[in-house]
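The block underneath contains the structure these notes are about, expressed in structure tokens.
On a predicted model such as this, the values are computed, not experimentally measured, just so you know. In this chain, numbering begins with 1 at the start of the sequence shown. For the numbers below, each heavy atom of this structure counts, side chains included, while hydrogens, waters and symmetry mates do not.
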Amino acid sequence: MKLSSQFLREVVFKRDQFPQEKTHPWNLPVLKSLKRLPLHPQMTFFVGDNGSGKSTVLEAIAVAAGFNPEGGTLNTRFTTRDSHSELHAKLTLVRGTRRPREGFFMRSESLYTLSTWLEQDPIILGWHGGQSFHTMSHGEAFLRLLERKFNGDGLYLMDEPEAALSPLRQLVFLNGLHRVMRAGAQCIVATHSPILMAYPNAQILLFGDGGVERVAYEETEHYVVARRFFADPRMAIDEALKDVE
């Protein structure tokens with residue numbers, strides 16, 4: 001896929017329009033220097049510690065792209081709690097020459113409310129497979145969404161999908177994402193999973209107090225910690241518990 005033909009090429013932040021008050025999300029250290037965020041034509045990962053701002057930025061991109069803040073397709077419209085920030089209004093999405101026909105904003109924490117909304121309309125539920133997600137496990141529902149709503153002509157944003165998936169199912173999930181990206185899809189994923197972020201040739205963007213930088217997979221804290229742990233689990237556990245009397 002050529003860079004100019006991807007759905008989203010980069011995100012430009014209107015820093016001159018940022019409010020001065022020190023409230024969320026404007027107090028996030030990452031926003032103090034963030035001006036532009038380049039996106040890979042296929043897979044971009046947002047990684048970083050808890051509270052680094054990766055989910056907040058992902059949500060802002062999703063809302064700016066036309067998705068429902070609580071998740072769903074480009075046509076999903078429901079609200080249970082208006083909790084998203086105004087960051088989406090302070091950024092510009094630089095688009096390529098293509099426009100996505102489909103898309104999905106996948107949020108682990110709002111899948112329950114999305115599932116409830118789907119049940120209210122049998123036709124819409126049918127578009128999602130016809131079976132209530134409330135009758136499935138969390139991970140099964142995620143994989144059903146991947147199967148039914150992800151295709152090669154779409155833009156897909158996902159916030160920590162690994163929260164619903166076992167390690168084995170994370171590999172199954174990657175297989176599904178690989179299928180749709182080979183067909184032309186573009187994905188942006190905020191994650192803590194060293195399994196997911198190992199996807200070949202992905203762009204990994206590390207969110208930190210000093211801004212955002214592109215890093216190699218082996219340079220991520222997630223990979224380093226996991227490698228050290230599995231090299232000697234007992235030593236890692238002893239180190240983690242050493243200050244507890």
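Nearest heavy-atom pair across F13 and R36 is CD1-N, 4.4 Å. Contact between L31 and F18 at its shortest, heavy atoms only, is O-CE2, 3.9 Å. In terms of heavy atoms, L196 sits closest to Q170 at CD2-O, 3.7 Å. Considering every non-hydrogen atom in both N68 and F105, the closest pair reads O-CD2, 3.4 Å. Contact between E160 and H192 at its shortest, heavy atoms only, is OE2-NE2, 3.4 Å. Between M43 and V189, the closest heavy-atom pair is SD-CG2, 3.9 Å.
Heavy-atom contacts from other residues, nucleotides or ligands closer than 6.0 Å to CG of N201 number 12 or fewer. By the neighbour-count criterion of 12 heavy atoms within 6.0 Å, atom NZ of K32 is sparsely surrounded, having that number or fewer from other residues, nucleotides or ligands. Dense packing is recorded around CZ of R179, with more than 12 heavy atoms of other residues, nucleotides or ligands lying under 6.0 Å away. Crowding of R15 atom CZ: a count of heavy atoms from other residues, nucleotides or ligands under 6.0 Å exceeding 12.
Although no hydrogens or angles enter the test, the distance criterion places no donor-acceptor pair under 3.5 Å between the side chain of E59 and the main chain of T56. When atom types are taken as modelled, the side chain of Q203 and the backbone of P38 share a donor-acceptor pair closer than 3.5 angstrom. Judged by distance alone, with hydrogens and angles left aside, the side-chain atoms of Q42 form a donor-acceptor pair with the main-chain N or O of M181 at under 3.5 Å.
In this structure the side chain of L157 reaches within 4.5 angstrom of the side chain of L155, judged on heavy atoms. Counting only heavy atoms from C-beta outward, the side chains of K14 and L91 never approach each other to under 4.5 Å. Between R95 and L8, some side-chain heavy-atom pair lies under the 4.5 Å cut-off. At least one side-chain heavy atom of L39 sits under 4.5 Å from a side-chain heavy atom of I188. Taking the side chain as every heavy atom from C-beta outward, M197 and V47 approach each other to under 4.5 Å. L168 places none of its side-chain heavy atoms less than 4.5 Å from the side chain of F173. Between T92 and V11, the closest side-chain pair of non-hydrogen atoms is not below 4.5 Å.
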Check against ring pair (Phe, Tyr, Trp, His ring centres under 6.0 Å), Y156 and F150: CA-CA 8 Å; Y156 303 100; F150 285 43; 4.1 Å; yes
Chi angles and distances behind the side chain to side chain contact (heavy atoms under 4.5 Å, CB included) call for M106, L145: CA-CA 9 Å; M106 182 179 287; L145 282 173; 4.1 Å; yes
Audit row: L205, F45, side chain to side chain contact (heavy atoms under 4.5 Å, CB included) steps and yes/no: CA-CA 6 Å; L205 299 179; F45 287 114; over 6 Å; no
Test side chain to side chain contact (heavy atoms under 4.5 Å, CB included) applied to V30 and D209, step by step: CA-CA 5 Å; V30 72; D209 290 350; over 6 Å; no
Test salt bridge (Lys or Arg N to Asp or Glu O under 4.0 Å) applied to D153 and R98, step by step: CA-CA 9 Å; D153 201 16; R98 300 168 63 219; 3.4 Å; yes
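Clustering ILVMFWY residues whenever any of their side-chain heavy atoms sit less than 4.5 angstrom apart, transitively, puts V63 in a cluster other than the one holding V94. L28 and V12 fall into different hydrophobic clusters, where Ile, Leu, Val, Met, Phe, Trp and Tyr residues are linked whenever their side-chain heavy atoms come under 4.5 Å apart, directly or through other members.
The NE2 atom of H178 sits 7.5 Å away from atom CG of N175, with the distance rounded to the nearest 0.5 Å. Taking CG of L87 as the start and CG of L58 as the end, the distance is 11.0 Å to the nearest 0.5 Å. For the atom pair OG (S193) and OH (Y199), the distance works out to 15.0 Å, reported to the nearest 0.5 Å. Between the CG atom of L146 and the CZ atom of R169 there is a distance of 12.0 Å, given to the nearest 0.5 Å.
Remark: S52 engages no residue in a side-chain hydrogen bond (donor to acceptor under 3.5 Å, both in side chains) (not counting sequence neighbours).
Aromatic ring pairs are classed by plane angle as parallel below 30°, tilted from 30° to 60° and perpendicular above 60°; the pair F207 and F46 is tilted.
At a cut-off of 3.5 Å, with distance as the only test, a side-chain donor of E162 or T191 sits close to an acceptor on the other residue.
The stretch residues 20-29 participates, sequence neighbours left out, in no side-chain hydrogen bond (donor to acceptor under 3.5 Å, both in side chains) pair at all.
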Output a table of donor-acceptor pairs, distance under 3.5 Å, between side-chain atoms of residues 220-234 and any protein atom two or more places apart or on a different chain; print 'none' if there are none.
unit_1	atom_1	unit_2	atom_2	d
T220	OG1	Y217	O	2.8
T220	OG1	Y223	N	3.2
D232	OD1	M235	N	3.2

